[in-house]
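Reading through the structure tokens given below for one structure.
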Amino acid sequence: MEGKRRKQYYWFWGILFIVLVSGIVWSYRSTYIAGTIKFVTAQTGTINHEHSVAATFANQELPVIAPLSGKVQYIAEDGQRIRRGEPVAVVLPEGAAPGTKESLQNQTITAAMGGLFFRQSDGLETILTSENLIMMDLNKLLTQTSQVRVVGATAQAGEIIGKIVNNLVPTVAFLEMSSLDGLSNGKLIRLTIANQTVSAKILRKSDQPKGVIVQFPHYIDGTTAQRRQEVTWIYRPPTNGILIPKTALWTQGEELGVFLWSEGVVEFRKVKVLDEDDDMACIENLPSGIPVVITPREGLEGLVAKVKNI
């Protein structure tokens, strides 16, 4: 009888010990797992679909040439719109001084066409033209070297002292593309040049060099001073909504969702992905500002957790 009571005593304390140890282990495990959870807050934002591409621009440009050697006095301001026949500069012959008979030989240069006057030239005004980009061998055209220069106080006869750009004629450009998939003649593509976003029409596709010739609806500011520059191609419309890192997405069973923090507890919520890029996903039916887990794994649902450092 006494031995039976002793056995029951041992069993009681053995079971109690196991329960206590299990509770401590479970509590430690839950606390440890909860402590390793990393959160970020869902935020309102935009998913953009853009590529940076190299562009070579061409406009209708006419060089302004000094008729003789001498000192150049500009009349037109840089970037000023002038009419055909208006004066843009005066050249004083070498050795002439104001108030002398030689000063009568001063020659006024007038605009041969209307447009914007620029003192800067690069020697490609008659080479990289809209017509040449559309018709000629692009390999030869794009290897032309520009030599940007601004004339100083004096110029030699026949030297280019500026140019006039017809800003009433649309700008044309060659865009270097890594792939021509989905691009066809006549298609409109969205481009951002500096702070301007416009639609351009594809006029020609090129396999070598790979890219497309596009025409803008109007003259693009800044393409005269910087003929070659990087532009942004918006290949798909942007999506606005609630953004979370793609690492937060988790498939549970057959449902795609996220683990989020709600009233101190981690819970799984099914979501719908509207759009995504390399890093972020735009989610439907998720409030802005709610903490989501970016280290999802099995066993998180129902854990008590504290949100820190987000």
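Small disclaimer: the values here were computed from a predicted structure and weren't measured. Heads up: numbering here begins at 1 and tracks the sequence.
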Query raised in the report: Any donor-acceptor pair under 3.5 Å linking the side chain of Glu125 with the backbone of Gly123?
Result: yes
Requested in this report: Answer yes or no: is there a donor N or O on one side and an acceptor on the other, between the side chain of Lys270 and the main chain of Leu256, under 3.5 Å?
Outcome: no
Query raised in the report: Do Trp250 and Val266 belong together in a cluster built from hydrophobic side chains that touch within less than 4.5 Å?
Result: yes
Query raised in the report: Yes or no on side chain to side chain contact (heavy atoms under 4.5 Å, CB included) for Tyr219 and Thr224, after CA distance, side-chain angles and deciding distance?
Result: CA-CA 10 Å; Tyr219 168 75; Thr224 298; 2.8 Å; yes
**Report entry** Donor-acceptor contact below 3.5 Å, side chain Arg204 vs main chain Leu133
**Finding:** yes
Query raised in the report: At their closest point, which heavy atom of Ala281 faces which heavy atom of Leu249, and how far apart are they?
Result: CB-CD1, 4.3 Å
Report summary line: Output for pair (Gln226 CD, Asp122 CG), nearest 0.5 Å, gives 11.5 Å
**Report entry** Note, Thr197 side chain near Arg190 side chain (heavy atom, < 4.5 Å)
**Finding:** yes
Query - Contact list for residues 106-118, test salt bridge (Lys or Arg N to Asp or Glu O under 4.0 Å), sequence neighbours left out - result: none
Report task. Before accepting this row, confirm whether a basic side-chain N of the pair Arg84/Glu86 lies closer than 4.0 Å to the acidic partner's carboxylate O. Result -> no
Requested in this report: With rounding to the nearest 0.5 Å, note down the distance linking CZ in Phe174 to CG in Leu128.
Outcome: 11.5 Å
Query raised in the report: Which value, rounded to the nearest 0.5 Å, describes the distance between Gln43 atom CD and Ile290 atom CD1?
Result: 12.0 Å
Query raised in the report: Are more than 12 heavy atoms from other residues, nucleotides or ligands located less than 6.0 Å from atom NZ of Lys205?
Result: yes
Query raised in the report: Looking only at heavy atoms, what is the nearest atom pair of Val72 and Ala155, with distance?
Result: CG2-CB, 3.7 Å
Requested in this report: Mind checking the CD1-CG spacing from Ile134 to Leu203? Nearest 0.5 Å is all I need.
Outcome: 5.0 Å
Query raised in the report: Taking Ser121 for the side chain and Gly162 for the main chain, is one N or O donor matched with an acceptor at less than 3.5 Å?
Result: no
Query raised in the report: Under 4.5 Å between side-chain heavy atoms, hopping through other hydrophobics if needed: is there a path connecting Leu260 to Ile283?
Result: yes
Requested in this report: Verify the cluster assignment for Tyr235 and Val198: are they in a single hydrophobic cluster under the rule of side-chain heavy atoms below 4.5 Å apart?
Outcome: yes
Query raised in the report: Which one of Thr129, Thr171, Asn166 satisfies the side-chain hydrogen bond (donor to acceptor under 3.5 Å, both in side chains) criterion with Asn59?
Result: Thr171
Query raised in the report: Within the side chain of Lys187, is there an N or O that forms a donor-acceptor pair under 3.5 Å with the backbone of Gly182?
Result: yes
Query raised in the report: Do Val88 and Ile161 belong together in a cluster built from hydrophobic side chains that touch within less than 4.5 Å?
Result: yes
Query raised in the report: For the atom pair NZ (Lys38) and OG1 (Thr295), what is the distance rounded to the nearest 0.5 Å?
Result: 7.0 Å
Report task. Give the C-alpha distance, both sets of side-chain angles, the deciding distance and a yes or no for side chain to side chain donor-acceptor pair (under 3.5 Å) between Thr46 and Asn48. Result -> CA-CA 6 Å; Thr46 302; Asn48 294 309; 5.5 Å; no
Query raised in the report: Got a sec: does the CG of Asn195 have more than 12 other heavy atoms crowding it under 6.0 Å?
Result: no
Query - Point-to-point distance, once rounded to the nearest 0.5 Å, from CG of Leu191 to CD of Glu50 - result: 10.5 Å
Query raised in the report: Any side-chain heavy atom of Lys210 within less than 4.5 Å of one from Ser178?
Result: no
**Report entry** Lys/Arg-Asp/Glu bridge criterion (N-O < 4.0 Å) met for Glu61, Arg227
**Finding:** yes
Requested in this report: May I ask you to check whether Arg81 and Asn167 show a side-chain donor-acceptor distance below 3.5 Å?
Outcome: yes
Query raised in the report: Shortest non-hydrogen contact from Ala42 to Pro287?
Result: CB-O, 3.9 Å
**Report entry** Test item: Leu138 and Ile213 side chains (from C-beta on) under 4.5 Å apart, heavy atoms
**Finding:** yes
Query raised in the report: Is there a side-chain contact between Gln229 and Ile193 (heavy atoms, below 4.5 Å)?
Result: yes
**Report entry** Which atom of Asp78 lies closest to which atom of Gln120, heavy atoms considered
**Finding:** OD1-N, 4.4 Å
Report task. Please examine the side chains of Ile189 and Val214, heavy atoms only from C-beta on, and report whether any two atoms are closer than 4.5 Å. Result -> yes
**Report entry** 4.5 Å side-chain heavy-atom contact, Ile160 and Lys163
**Finding:** no
Query raised in the report: Side chain of Ser262, backbone of Val265: donor and acceptor closer than 3.5 Å?
Result: no
Report task. Kindly indicate, with the supporting measurements, whether the criterion side chain to side chain contact (heavy atoms under 4.5 Å, CB included) is fulfilled by Gln80 and Leu116. Result -> CA-CA 5 Å; Gln80 179 183 339; Leu116 303 178; over 6 Å; no
Query raised in the report: When you look at Gln252 and Glu301, which way does the side chain to side chain contact (heavy atoms under 4.5 Å, CB included) test go after all the steps?
Result: CA-CA 11 Å; Gln252 187 162 287; Glu301 191 166 14; 3.3 Å; yes
Report task. Work out which heavy atom in Leu62 is nearest to a heavy atom in Ala112; give both atom names and the distance. Result -> CD2-CB, 3.4 Å
Query - Val40 side chain reached by Val292 side chain, heavy atoms, under 4.5 Å - result: yes
Query - Test log, rule side chain to side chain contact (heavy atoms under 4.5 Å, CB included), inputs Tyr74 and Arg119 - result: CA-CA 9 Å; Tyr74 288 101; Arg119 300 181 186 184; 3.5 Å; yes
Query - Least distance between heavy atoms, Cys282 atom then Thr239 atom - result: SG-CG2, 3.9 Å
Requested in this report: Anything under 30° is parallel, anything over 60° is perpendicular, the rest tilted; go ahead and classify Phe259 against Phe268.
Outcome: perpendicular
**Report entry** Within residues 235-251 or reaching into it, pairs that qualify as salt bridge (Lys or Arg N to Asp or Glu O under 4.0 Å) - sequence neighbours excluded
**Finding:** Arg236-Asp275, Lys246-Glu276
Report task. Compare all side-chain heavy atoms of Val231 with those of Ser52 and state whether any distance is below 4.5 angstrom. Result -> no
Query raised in the report: Same hydrophobic cluster for Ile75 and Phe118, using side-chain heavy-atom links shorter than 4.5 Å among ILVMFWY?
Result: no
